[in-house]
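To start, the structure under review is shown below, and the notes come after it.
Per chain, numbering begins at 1; letters A, B, ... match sequence-line order.
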2 protein chains.
Amino acid sequence: MKELLSYILQFGNLNQQQIDLISKKATEITFSKDEYFSEAGKIAVQVGFIIEGIMRVCYYNNKGEEITRYFIEENNMVVDLESFNNSICSSAYVQAVTDCKLIVFSKPDWEELLATIVGWDTIVHKIISRALMQKVDRRSPLVSEDATTRYLSFMEKYPKVINRIPLSYLASYLGITQSSLSRIRKNIR
Amino acid sequence: MKELLSYILQFGNLNQQQIDLISKKATEITFSKDEYFSEAGKIAVQVGFIIEGIMRVCYYNNKGEEITRYFIEENNMVVDLESFNNSICSSAYVQAVTDCKLIVFSKPDWEELLATIVGWDTIVHKIISRALMQKVDRRSPLVSEDATTRYLSFMEKYPKVINRIPLSYLASYLGITQSSLSRIRKNIR
DNA sequence: ATCGCTTTTTGCCAAATGGCAAATGATTTT
DNA sequence: AAAATCATTTGCCATTTGGCAAAAAGCGAT
């Protein structure tokens, strides 16, 4: 809970009463490895904040291959935005890559907070914009670099993640095959 | 102007007085091909809306190669968000790919609108979030597909753009060399 | 320790893409 | 029209990456 509050307060100020209200709506919950936080074909109904563990967003492309679109680390919000905001079916899965501990807000509670706390919507918008810009910044360089460079950049950007995720997820995130990634690792050692 | 207003009103409602205020702050301005809307090393000081023409965002990677990060079409907002919002130097160029006609707002005017019009910030946030999500959605598939597929998808997504931009810009956007793109085109005909 | 299962590594060869330079084509300037 | 400049295409060959299948390694249950 401490982690969540200090994360939020980076983006704006809140008084004690507002903080208490947010805390009251927050539920701590665990996800076991491989469990889904939200699923394709369903409407996302919760917003989360990762206290511990790694999650990922993935989907199936038109060849039926599973593609990891990105990883979400500790101390970050996790929500299937398009689905949650517009109450439409999602086309992606949000899944725990390791055992995870999260704080979650149900959609009704989240909306109540938005309606009750003056300035909360501004904070939320800042959080969301920053997260989206980060996604763009992380995904874009992958397009124009070769596979080895992508892997090296990944290790730099996610030093804490690299040893906790299966090779297959990382390969699809980097847009290469599992065997290529394995060979790249071999060459680098 | 009509285009801008109907674009804005997709994201929320405004009364006539508010619309007039926005219109009053808007300036129509043209950019010639290759001119910069904002530049790396400088602080972005304007927000724009493209009435006519195509712009692009590009930067130089550590090998000194120029990389096009994305294209912006007619009827879309154009702003170097990170730089504009935080008044920090940008690392990217925003450039007219063709001759362009834009509507622009200076930073002081934009901030006045935000301070004056109730609900304007909400509309702006919606516009920005949608644009950022679109960028993620457009960039992500590029990572996991082969070059020919990327080119074909580009043609589907930007049918109006494909014939108005130099091959070199498109190649760097797709993350392939100019010669590869030229060969791909040859194979497809 | 062994079995069964999943993940990762490796070998082999094919296909895709890059690097470089020259040729061709297109556009602008003189 | 010719020259100069810039953009695109092509040829040749090297390198990277993919596809497939088998081997090896890792891991949990017994």
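For Thr177(A), counting side-chain heavy atoms from C-beta on, the closest listed nucleotide (dT17(D), dG11(D), dG18(D)) is dG18(D). In the set dT17(C), dG11(C), dG11(D), the nucleotide with an atom closest to the side chain of Thr148(B) is dT17(C). Picking from dG18(C), dT17(D), dT9(C) the nucleotide with the shortest atom distance to the side chain of Leu167(A) gives dT9(C).
If you take NZ of Lys186(A) and C1' of dT10(C), they are 6 Å apart, rounded to a whole angstrom. One atom, CD of Gln178(A), and another, C1' of dG11(C), lie 17 Å apart when rounded to the nearest Å. Distance Glu145(A) CD to dT15(D) C1': 18 Å, rounded to the nearest Å. Distance CD1 (Ile188(A)) to P (dT9(C)): 12 Å, rounded to an integer number of Å. Separating the CG atom of Leu181(A) from the C1' atom of dT8(C) is a distance of 10 Å, rounded to the nearest angstrom. Taking atom CZ of Arg185(A) as the reference point, atom C1' of dT17(D) lies 17 Å away to the nearest angstrom. Arg164(A) places its CZ atom 20 Å from the C1' atom of dG26(D), with the value rounded to the nearest Å. For the pair Leu174(B) CG and dT17(C) P, the computed distance is 11 Å after rounding to whole Å.
In the hydrophobic clustering of ILVMFWY residues, with side-chain heavy atoms under 4.5 Å counting as a link, Ile67(A) and Val143(A) come out apart.
Map Ser179(B) and Ile184(B) each onto its nearest nucleotide of DNA chain C; the residue landing nearer the 5' end is Ile184(B).
Phe71(A) has its ring centre less than 6.0 Å from the ring centre of Tyr173(A). Aromatic ring centres of Tyr36(A) and Phe31(A): separated by at least 6.0 Å.
Residues Arg138(A) and Tyr158(A) are in side-chain contact: their nearest non-hydrogen atoms beyond the backbone lie under 4.5 Å apart.
Between Ser182(B) and dT9(D) there is a side-chain N or O to OP1 or OP2 distance below 4.0 Å.
Here Ser168(B) lies in heavy-atom contact (under 4.0 Å) with sugar-phosphate atoms only.
In the model, Ser179(B) has no side-chain atom that pairs as donor or acceptor with a side-chain atom of Ser182(B) under 3.5 Å.
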